[in-house]
Amino acid sequence: MTAQESNRAGVGEGGSGPVPGLTAVLGGAGETTPAAAGRAEEKRPAEERGRTTIADVVVVKIAGMAAREVPGVYDMGAGGLSRTIGAVRDRVPGGRPNVGRGVKVEVGERQAAVDLNLVVEYGVPIPEVAREVRANVISAVERITGLEVVEVQVAVDDVHLPDDDASAAADARVE
């Protein structure tokens with residue numbers, strides 16, 4: 001009786017049954033050892049060896065940056081007060097601009113939906129800017145995260161007039 005047969009029959013060194021974890025065929029040509037079994041595990045594709053989750057804030061930042069890259073987008077955010085507070089925060093020394101202002105997202109395991117609030121420059125064709133923003137956001141989010149973007153809703157909340165900068169500078173008390 002070989003060592004393999006005695007192990008299966010429960011007649012091993014202890015005589016009490018099979019030896020747990022012993023899978024080797026002693027002296028066999030197609031030896032299967034725990035090390036060989038580990039190598040077989042290593043052959044699984046990387047995507048089967050864990051899970052990746054992407055936080056909403058990651059998609060918010062990517063979408064915000066992508067939307068701001070499009071010519072004709074002056075600012076982002078709904079409502080004048082929100083943009084004013086954001087502009088003040090952006091100018092504070094040591095402060096960082098909030099790239100997520102005006103962006104809301106829903107992120108699932110494989111898909112994302114994005115809502116954007118834009119302020120466009122006066123004179124630019126709004127449907128064209130919205131189309132370019134949508135395309136740029138979809139491209140950036142899908143390329144960087146691997147998520148499928150199922151929709152990008154664009155709401156144009158305001159138009160920036162050239163006079164707005166001049167009146168804001170005139171209202172400032174201190175330069």
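- Here N117 contributes atom CG and Q153 contributes atom CD; the two are 11.0 Å apart, rounded to the nearest 0.5 Å.
- Contact record, M76 with A67: SD-CB, 3.8 Å, taken as the closest heavy-atom pair.
- Listed by chain and number, the residues in a side-chain contact (heavy atoms from CB on, under 4.5 Å) with V60 are V103, V105 (sequence neighbours excluded).
- Minimum interatomic distance between I54 and T145 (heavy atoms only, all atoms of both residues): CD1-O, 3.4 Å.
- I144 is linked by a side-chain contact (heavy atoms from CB on, under 4.5 Å) to I62, counting only residues two or more places apart in sequence or in another chain.
- Note: the hydrophobic cluster containing V73 also contains L161 (ILVMFWY, side chain heavy atoms under 4.5 Å, direct or indirect links).
- Other residues sharing a hydrophobic cluster with M65 under the 4.5 Å side-chain heavy-atom criterion for ILVMFWY residues are V99.
- You'll find the side chain of V59 reaches within 4.5 Å of the side chain of L147, heavy atoms only.
- Residues passing the side-chain contact (heavy atoms from CB on, under 4.5 Å) test with V152, sequence neighbours excluded: V114, L116, R134, V137, I138, V149, V154.
- Closest approach of V159 and Y122 over heavy atoms only: CG1-CA, 3.5 Å.
- In this view, A55 and V57, V58 satisfy the side-chain contact (heavy atoms from CB on, under 4.5 Å) rule, not counting sequence neighbours.
- In this structure, CD1 on I126 lies 9.5 Å from CG on L118, to the nearest 0.5 angstrom.
- Residues in residues 104-114 take part in these side chain to side chain donor-acceptor pair (under 3.5 Å) pairs, two or more places apart or across chains: Q111-E148.
- Applying the side-chain hydrogen bond (donor to acceptor under 3.5 Å, both in side chains) rule to E128 yields no partners; only residues at least two apart in sequence or on another chain are considered.
- Contact annotation: the side chain of R68 approaches that of R101 to within less than 4.5 Å [non-hydrogen atoms, C-beta and beyond].
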